[in-house]
Amino acid sequence: MKITDSIKYVGVNDHIVDLFEGQYVVPNGMAYNSYVIMDEKIAVMDTVDVKFTDEWLGKLSEVLGGRKPDYLIVQHMEPDHSANILNFLNVYPDTTVVGNTKTFTFMGQFFDLDPAMKKLVVKNGDKLELGSHVLNFVFAPMVHWPEVMVTYDSTDKVLFSADGFGKFGALDVEEEDWACEARRYYFGIVGKYGLQTQNLLKKAATLDIQIICPLHGPILTENLGYYIDLYDKWSSYTPEDKGVLIAYTSVYGHTKQAVEELAALLEKEGCPKVVVTDLARDDMAEAVEDAFRYDRLVLATTTYNNNIYPFMRTFIDHLTERAYQNRTIGFIENGSWAPVAKKTMQGMFEGCKNLKFLETSVTIKSALKDDSRAALAQMAKELCS
């Protein structure tokens with residue numbers, strides 16, 4: 001695949017993986033992106049997952065056309081991008097490996113490195129001339145590992161963005177909506193590091209970027225403002241859309257009934273968007289994605305072992321460890337003799353910033369009755385006011 005006249009794509013598609021990073025469902029697989037910059041000197045941008053060594057080296061050989069690479073630039077040491085460093089050096093031993101100090105620290109932890117390996121240790125802001133192409137290295141620590149750096153090619157105005165602007169999904173499947181799987185990817189993998197992503201966006205704003213080449217997902221060549229605006233919203237924890245996510249667990253169906261009635265009331269009140277997710281059955285990563293997408297959240301669960309239902313606890317943990325903020329939250333609890341779910345759930349958000357809790361909460365004692373239905377109606381009005 002041609003990115004520009006001198007930048008070629010040599011990535012691979014993975015349809016073997018069932019869970020990315022051991023937890024994220026990827027029905028359309030994954031892409032591990034690698035690029036080659038052809039110039040007086042040749043730079044290879046990152047490697048790919050170990051399952052695709054032969055395929056990647058074959059693509060690389062074809063693009064090189066008998067030439068040998070001068071540099072292997074390692075932007076990120078996560079194994080889906082770095083696993084083939086030694087395999088690459090076995091084929092091209094005279095290549096200089098480019099990274100920062102932390103890059104080589106991690107590299108030494110993953111591999112037994114040859115002391116004679118040629119390496120170039122770069123600092124933030126350093127440049128590397130390939131001929132007509134000049135590469136600028138911009139450190140992006142904790143987006144999402146501490147050694148991450150991105151590379152800006154000022155000649156073709158290309159940003160090699162590491163894991164930034166990535167998404168789930170292989171590149172050889174039918175084109176799908178970028179935002180949905182990029183949002184799930186961002187909040188699942190990078191979402192904790194909003195401040196660090198904001199810092200990177202500020203640095204990127206000073207560059208004339210015409211193409212974004214991430215390590216996962218499609219190459220972005222048009223309407224870049226759309227993607228950058230979404231990343232700005234996501235990393236600043238700004239709600240993307242007005243709407244209500246209702247996330248629930250239910251043991252015998254009574255809490256589910258309350259959720260369904262609340263959803264109907266919200267739609268009757270004219271709420272622009274209502275999304276309902278069963279945390280025991282639906283994809284947890286999608287639930288997390290929607291919690292950050294919308295500006296309002298209702299949590300509904302039962303008291304369980306004098307605590308809350310395990311799937312709800314896990315869900316809230318996912319939110320709080322990703323610095324959930326700038327939203328409105330309401331609570332529905334169910335308990336037959338000692339309901340403590342609302343108190344427990346609200347307490348789990350104590351360390352979060354800029355959260356507003358609804359004045360109205362709903363307590364169900366076993367099953368919905370007139371009083372709890374009246375509270376549901378009041379909650380719907382408060383959510384839509």
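Note that this is a predicted model, so its numbers are computed, not measured.
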Dump the intermediate steps for side chain to side chain contact (heavy atoms under 4.5 Å, CB included) on Asp46 and Tyr35, then the final yes or no. CA-CA 7 Å; Asp46 298 289; Tyr35 308 91; over 6 Å; no
Sub-6.0 Å ring centroid separation between Tyr227 and Phe165: no
If you measure from OH on Tyr152 to CG on Leu159, what distance do you get to the nearest 0.5 Å? 8.5 Å
Does any donor atom in the side chain of Thr314 or Asp317 lie under 3.5 Å from an acceptor atom in the other side chain? no
Using only heavy-atom distances, determine whether the side chains of Trp56 and Thr47 contain a donor-acceptor pair under 3.5 Å. no
Go through it in stages, so that I can follow the logic: the residues are His76 and Glu147, the test is side-chain hydrogen bond (donor to acceptor under 3.5 Å, both in side chains), and I'd like the CA-CA distance, side-chain angles, deciding distance and then a yes or no. CA-CA 7 Å; His76 186 16; Glu147 89 300 354; 2.7 Å; yes
From Phe160 atom CZ to Ile211 atom CD1, the distance as rounded to the nearest 0.5 Å: 8.5 Å
Do Val362 and Glu333 have side chains that approach each other closer than 4.5 Å (heavy atoms only, starting at C-beta)? no
In plain terms, say whether Lys369 and Asp371 are close enough for a salt bridge, that is, a side-chain N and a carboxylate O under 4.0 Å apart. no
Carboxylate-amine/guanidinium contact Lys51 Asp14, below 4.0 Å: yes
Would you say the side chains of Glu78 and His144 form a donor-acceptor pair under 3.5 Å? yes
Spacing of Lys119 atom NZ and Leu113 atom CG [to the nearest 0.5 Å]: 7.5 Å
What I want to check is whether the side chains of His133 and Ser6 have a donor and an acceptor closer together than 3.5 Å. yes
Ionic contact status for Glu321 with Lys192, cut-off 4.0 Å: no
Charged N to carboxylate O under 4.0 angstrom, Lys157 versus Asp208? yes
Between the side chains of Thr155 and Ser132, does any donor sit under 3.5 Å from an acceptor? no
Going by atom types alone, do Ser235 and Gln198 pair a side-chain donor with an acceptor below 3.5 Å? yes
May I ask you to say whether Asp290 pairs ionically with Arg183, meaning some side-chain N is under 4.0 Å from a carboxylate O? no
Can you tell which of Asp70, Leu72, Leu64 makes a side-chain contact (heavy atoms from CB on, under 4.5 Å) with Tyr92? Leu64
Go through the steps for His216 and Tyr185 under the test ring pair (Phe, Tyr, Trp, His ring centres under 6.0 Å), then give the verdict. CA-CA 10 Å; His216 296 293; Tyr185 176 90; 5.7 Å; yes
Thinking salt bridges, do Lys59 and Glu62 make one under a 4.0 Å N-O criterion? no
Can a salt bridge be assigned to the pair Glu240 and Lys233 using a cut-off of 4.0 Å between side-chain N and carboxylate O? no
Can you confirm whether the side chains of His81 and Asp163 place a donor and an acceptor under 3.5 Å from each other? yes
Between Asn28 and Glu181, do the side chains contain a donor N or O and an acceptor N or O under 3.5 Å apart? no
